[in-house]
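To find a chain, count down the sequence lines: A is the first, B the second, and so on, and within it residues start at 1.
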Protein chains: 2
Amino acid sequence: MTAACSRPFSQVLDRLRSAGLRPTRQRLALARLLFDSCDRHISAEQLHSEAMDNNIRVSLATVYNTLHQFTAAGMLREIVVDAGRSYFDTNTSDHHHFFFERSGHLEDIPGDMVSVTKMPSPPPGTHIRRVDVIVRIAG
Amino acid sequence: MTAACSRPFSQVLDRLRSAGLRPTRQRLALARLLFDSCDRHISAEQLHSEAMDNNIRVSLATVYNTLHQFTAAGMLREIVVDAGRSYFDTNTSDHHHFFFERSGHLEDIPGDMVSVTKMPSPPPGTHIRRVDVIVRIAG
DNA sequence: GTGTTTGCAAAGTGTTTGCAATTTA
DNA sequence: TAAATTGCAAACACTTTGCAAACAC
């Protein structure tokens, strides 16, 4: 039943602890939904209704809080492809995305499939936090 | 008075006509604000208040409509960096962006400063509409 | 005149917030 | 018990919509 790339329960617990987050019922249940399968790109509303489907009582506000807390803890990465909706990616390693405009669906592109060269340097005192590449697919 | 890279009035008119858009007072005034200087990254609210400052009477709804019509006509490009706010870029040539997270400010990166290699092909029947590279600057 | 465009205010969307009640350590 | 967390509903910011009045051709 456990998907090939699920994260062990203990690892999730450790991540929560080291982020100073108590392992509450809601956070554990959401973590299970998020990390029991691979490479999910999920919105808050989607995760909330998935929780409902699994009889996990959790409010939408808590889903938002939890997604942001997990993101701050490095367990998720936020992706913005489209004004007015955020997706959260369970794959936090270096990679990029196809965005299928027709369906709104996201798909990973491995980090080594893209190379960015000759980047101008950022102003002194600042640094590059991340480079997002979004390949927009139409049709 | 005219900035170095402004677009001639006649070109704007032709673009509007070929998109089937009547050159109304509002559209012409907004076009002037947008294209009289170079490489602007502007939100609907910003353009609306700029119009107010210049005594151009135009409603926010019309600013939104106009920005979308200009985008459909290829005169603008929409950029999404951040859920809940769209920017419109007056530079429609091939290029990418620095996004300064602290200030919310955008800056162009010339297209030839970035190279994307070995891209996986999109599914049959679809095509790549655009590749967006956003370099997120923190600090 | 005829069809397009506009402005307004209302509705819609996704997200955040304030605070009392609950839960955790 | 003290501090963190939750749920709810209300507030929010941005965007879109519906429709009558104004406008372009």
Side-chain angles (χ1 to χ4, degrees), chain A residues 12-33 41-52 54-73 75-76 78-89 104 106, chain B residues 9 12-33 41-52 55-73 75-76 78-88 101 104 106:
Chain A
V12 170
L13 258 180
D14 287 347
R15 282 305 257 298
L16 288 180
R17 283 211 190 88
S18 66
L21 298 173
R22 288 180 180 173
T24 63
R25 182 178 61 77
Q26 289 87 340
R27 294 208 264 240
L28 290 173
L30 293 175
R32 165 157 295 181
L33 289 178
H41 304 100
I42 199 171
S43 70
E45 305 259 9
Q46 280 166 17
L47 183 58
H48 183 243
S49 60
E50 209 169 290
M52 301 313 243
N54 287 270
N55 293 307
I56 298 163
R57 262 192 35 266
V58 62
S59 72
L60 184 55
T62 297
V63 172
Y64 275 104
N65 287 338
T66 302
L67 286 171
H68 288 139
Q69 291 155 348
F70 285 8
T71 301
M75 299 163 69
L76 291 175
E78 191 170 358
I79 310 173
V80 181
V81 275
D82 166 2
R85 173 176 266 104
S86 277
Y87 287 94
F88 293 85
D89 188 347
L106 280 164
Chain B
F9 181 73
V12 171
L13 257 179
D14 287 349
R15 282 306 258 298
L16 288 180
R17 283 211 190 87
S18 65
L21 297 174
R22 290 181 179 173
T24 62
R25 181 177 62 75
Q26 289 85 342
R27 293 209 262 239
L28 290 173
L30 293 176
R32 165 157 294 180
L33 288 178
H41 304 100
I42 199 169
S43 71
E45 304 258 9
Q46 279 165 18
L47 182 58
H48 183 244
S49 59
E50 209 170 289
M52 301 313 243
N55 293 306
I56 298 163
R57 262 191 35 264
V58 62
S59 73
L60 183 57
T62 297
V63 171
Y64 274 106
N65 288 338
T66 302
L67 287 171
H68 288 140
Q69 291 156 348
F70 285 8
T71 301
M75 299 163 68
L76 291 175
E78 190 170 359
I79 310 173
V80 181
V81 276
D82 176 0
R85 172 177 267 107
S86 277
Y87 286 94
F88 293 85
E101 298 187 328
L106 281 163

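- By the side chain to side chain contact (heavy atoms under 4.5 Å, CB included) test, Arg17(A) is found to be paired with Leu13(A), Asp14(A), residues two or more places apart in sequence or in another chain being considered.
- In this structure, Thr71(B) and Leu67(B) approach most closely via the heavy-atom pair OG1-O, 2.7 Å.
- Shortest non-hydrogen contact noted between Ala83(A) and Val80(B) is N-CG1, 3.5 Å.
- A search for side chain to side chain contact (heavy atoms under 4.5 Å, CB included) contacts involving Ala51(B) returns Leu30(B), Leu33(B), Ile56(B), Val58(B), not counting sequence neighbours.
- Rounded to whole angstrom, the span from the CD1 atom of Ile56(A) across to the C1' atom of dG7(D) amounts to 16 Å.
- Bounding nucleotides for the chain B contact on DNA chain C, 5' to 3', at a heavy-atom distance below 4.0 Å, are dG3(C) to dC8(C).
- Within 6.0 Å of the CZ atom in Arg57(B), the count of heavy atoms belonging to other residues, nucleotides or ligands does not exceed 12.
- Axis deviation across the helix from dG1(C)-dC25(D) to dA25(C)-dT1(D) amounts to 30°, comparing end segments of five pairs, rounded to 10 degrees.
- Mapping Arg17(B) and Ser43(B) onto DNA chain D by nearest heavy atom places Ser43(B) closer to the 5' end of the strand.
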Table of protein N/O atoms under 3.5 Å from nucleotides 11-14 of chain D N/O atoms:
from    : atom 1 : to       : atom 2 : distance (Å)
dC14(D) : OP1    : Arg85(B) : NH1    : 3.2
dC14(D) : OP1    : Arg85(B) : NH2    : 2.3
dC14(D) : O3'    : Gly84(B) : O      : 3.4

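- In this structure, the salt bridge (charged side-chain N to carboxylate O under 4.0 Å, His left out) partners of Glu50(A), at least two apart in sequence or on a different chain, are Arg40(A).
- Among the atoms of the strands shown, none is found under 4.0 Å from any heavy atom of His48(B).
- Nearest heavy-atom pair across Ser43(A) and Tyr87(A) is N-CD2, 4.0 Å.
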I'd like a list of close polar pairs between nucleotides 4-6 of chain D and the protein, N/O only, cut-off under 3.5 Å.
from   : atom 1 : to       : atom 2 : distance (Å)
dA4(D) : O4'    : Arg22(A) : NH1    : 3.2
dA4(D) : O4'    : Arg22(A) : NH2    : 3.4
dT5(D) : OP1    : Arg22(A) : N      : 3.0
dT5(D) : OP1    : Arg27(A) : NH2    : 2.3
dT5(D) : O5'    : Arg27(A) : NH2    : 3.2
dT6(D) : OP1    : Thr24(A) : OG1    : 2.7
dT6(D) : O3'    : Gln26(A) : NE2    : 2.7

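- Applying the ring-ring contact (aromatic ring centres under 6.0 Å, His included) rule to His48(B) yields no partners; only residues at least two apart in sequence or on another chain are considered.
- The side-chain hydrogen bond (donor to acceptor under 3.5 Å, both in side chains) check on Gln69(A) picks up Arg27(A), with sequence neighbours excluded.
- Looking at residues two or more places apart in sequence or on another chain, you find no salt bridge (charged side-chain N to carboxylate O under 4.0 Å, His left out) involving Glu45(B).
- For Ser86(A), the side-chain hydrogen bond (donor to acceptor under 3.5 Å, both in side chains) partners two or more places apart in sequence, or in a different chain, are Glu78(A).
- In terms of the ring-ring contact (aromatic ring centres under 6.0 Å, His included) criterion, Tyr64(A) has no residue partners (sequence neighbours excluded).
- Annotation: side chain of Ile79(B) is not in contact with side chain of Phe88(B) (no heavy-atom distance under 4.5 Å).
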